[in-house]
Amino acid sequence: MNSPRLKTVLSMQPSPEPVTVCGWVRTRRESKGLCFLEINDGSAVESLQVVIDLRADGLAEETPRAGTGASVEVRGTLAASPGTGQAVELQALSLRVIGEAPPESYPLQKKRHSFEFLRGIAHLRPRTNTFGALMRVRNGLAAGIHAFFQERGFVWVHTPIITTSDAEGAGELFQVTTLPLERLPLADGRIDYARDFFGKRAGLTVSGQLEAEALALALRDVYTFGPAFRAENSNTSRHLAEFWMVEPEMAFCDLAGDMDVAEAFIKFILRWVLDRCPLDMELFDRWIEPGILATLRKVVETPFVRITYAEAIDALGKAQASFEYPASWGADLQSEHEKHLTEKVFQGPVIVTDYPKAIKAFYMKLNDDGKTVRGMDVLVPRLGEIIGGSEREADAEKLRARIREAGLDERDYSWYLDLRRYGSAPHAGFGLGFERLVQYVTGMANIRDVIPFPRAVGSAEF
RNA sequence: UCCCCUGUAGCUCAGCUGGUAGAGCAGGUGGCUGUUAACCACCGGGUCGGCGGUUCGAGUCCGUCCGGGGGAGCCA
């Protein structure tokens, strides 16, 4: 059994030479003596129409078992279709139902389902048009990400999943332990992590950035593309407990260079997926987010607006819009502010730089004003922040001061400080939430619908 | 974690101010030589999320728990 994919068959010319195809039945339409099966194998959005003459030998008996959801093998000849809606169709010579899908219990019907319902059957939803297209676009974006960095000579590095450092501060880590939870070993009344598997407290990584910095300061340009985990109790359409993150890190690079790469990166992968998944993208443009294709094409061609945080606050202050929270220097930009900047003022991606140091991470390079840091966020319409990045603090003493200010223990960061003690160099990087990118590109409203099996607070089914 | 909305047939939903449950689609059967949201006819299908309360009477009102969604915060 080694039949061609339906995508291949759909592009073939009509021929009297029989072909064998396999797939799952999407719909079945019956008339007297004639049956139309729509079959799909996930290799393309389009399905193949199979025409069955119910008066032919053997076909009438097998056809009733080929209901919606059943897997079938059809041998037939490809012919030009007299009907509208498809160029070619398969005239069945033989039909074999491989696996039945009892119609009274098969959850997927030949009609549209709500995403809420499909979330409850995450193991079957990839068989729908939307999720098929989604997985193919997701794959296209992942391939485009690797292509972008590989073409530019970046080295893909694999940073640890289990870690004992925490780039963002404490409290959001999933703890990893082999200690018996029902009787924890104590030392002076506190949990004795010395007796844990790693001899100290460990968790799942929230970011590979710190380790990526170590590799960039040896290999120059590197990137990570792997899973990250956050145990935050946030229940929104933009957060997952387990998600994939892309984090380039570049030595001998400043904030301006960082922004250049970020902008080129977004444009490259958008162009990549528009070129390679046109039919899948049409589905999203038609059913999920009308206008998304035009928007993405425009983003590819238009320079991203670059403003400082101070300028953003200024623009927001002048806005006619009434905000729930007024924009004032020192406070982080609210969702409503990000939306206003990207959707109303600039109508496209905006890069905001030079945030107050108090609202950004300790590793960002301090500006000469002593108040702001060399951080940048790429904001996009509808989603807000899609990329967060910065030039890193390369001065050991300034970094040590920032660690102390942040209330962190310097001893936990000794290896990180070493990177500045020995052959320090300016370096910069950014992080992109992969699922947020998929959301941005497809227009899908909920992040739980852009990953096959979502993990979020209170929910880790399948 | 906070605020708001929501839970009725397999799915999507209707059910006004309390009087004992309905539509469309899906499914089954039959009809129709080319359908593509197929069409036409008939049929089956519900502890109205759980528990408790008010009431002669609760899908409807109240309390509580559970599930789902949207927004906020935090962030990617």
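Throughout, protein chains are lettered first and strands after them, A, B, ... in sequence-line order, and every chain is numbered starting at 1. These numbers were taken from a predicted model, which means no experiment stands behind them.
- Comparing the P positions of A26(B) and C66(B) gives a spacing of 38 Å, expressed to the nearest Å.
- Counting distance only, with no hydrogens placed and no angle test, the side-chain atoms of Glu104(A) and the base atoms of G10(B) include no donor-acceptor pair under 3.5 Å.
- Remark: Lys339(A) does not engage Glu336(A) in a salt bridge, criterion side-chain N to carboxylate O under 4.0 Å.
- Contact annotation: Asn235(A) side-chain N/O to G73(B) OP1/OP2 distance is not under 4.0 Å.
- If you look at Tyr416(A) and Tyr363(A), their ring centroids are not closer than 6.0 Å.
- Taking atom C1' on both G59(B) and G18(B), the two are 10 Å apart, rounded to the nearest angstrom.
- Residues Phe149(A) and Phe265(A) place their aromatic rings such that the two centres sit under 6.0 Å apart.
- As judged by a 4.0 angstrom heavy-atom cut-off over every strand, Phe117(A) is placed among residues touching the sugar-phosphate backbone only.
- Here Gln334(A) reaches the OP1 or OP2 of G73(B): one of its side-chain N or O atoms lies under 4.0 Å away.
- Taking 3.5 Å as the limit, the base of C75(B) and the side chain of His239(A) contain a donor-acceptor pair of atoms between them.
- Applying the 3.5 Å distance criterion, the base of G71(B) shares no donor-acceptor pair with the side chain of Glu336(A).
- If you check distances only, the side chain of Gln86(A) does reach the base of U35(B) with a donor-acceptor pair under 3.5 Å.
- Separation of the C1' atoms belonging to G45(B) and U29(B) is 15 Å when rounded to the nearest angstrom.
- The phosphate of G71(B) has neither OP1 nor OP2 within less than 4.0 Å of any side-chain N or O from Thr236(A).
- Evaluation of Phe434(A) against the base of A76(B) yields no stacking contact (centre distance < 5.5 Å, interplanar angle < 30° required).
- Thr27(A) comes within 4.0 angstrom of no nucleic acid atom, judged by non-hydrogen atoms across all strands.
- At whole-Å resolution of the value, CZ in Phe36(A) and C1' in U36(B) are 8 Å apart.
- Comparing G7(B) with C13(B), their C1' atoms sit 12 Å apart, to the nearest whole Å.
- Between Ser31(A) and U33(B), a side-chain N or O to OP1/OP2 separation shorter than 4.0 Å is absent.
- Residue Arg28(A) has no polar side-chain atom (N or O) positioned under 4.0 Å from OP1 or OP2 of A38(B).
- For the pair Arg436(A) and C75(B), the criterion of a side-chain N or O lying under 4.0 Å from OP1 or OP2 is not met.
- Taking the six-membered ring for Trp and thresholds of 30 and 60 degrees, His146(A) and Phe225(A) have ring planes inclined between 30 and 60 degrees apart.
- Residue Gln49(A) is in base contact, counting any heavy-atom pair closer than 4.0 Å across all strands shown.
- Under the 3.5 Å distance criterion, with hydrogens and angles disregarded, a donor-acceptor pair is assigned to the side chains of Thr372(A) and Asn367(A).
- Across all strands shown, Gln439(A) has no heavy atoms under 4.0 Å from either base or sugar-phosphate atoms.
- Among the protein residues, Gly83(A) comes within range of the nucleic acid bases, having at least one heavy atom under 4.0 Å from a base atom.
- Going from the C1' atom of G15(B) to that of C56(B) covers 23 Å, rounded to whole Å.
- Counting any heavy atom pair closer than 4.0 Å across all strands shown, Glu116(A) reaches sugar-phosphate atoms only and no base atom.
- Here the separation of C39(B) from G24(B), taken at their P atoms, is 13 Å to the nearest Å.
- Toward the 5′ end of RNA chain B lies the nearest nucleotide of Arg112(A), the other residue of the pair Arg112(A) and Ser81(A) mapping further downstream.
- Classification of Asp254(A) and Lys365(A) as a salt-bridged pair fails, no side-chain N sitting under 4.0 Å from a carboxylate O.
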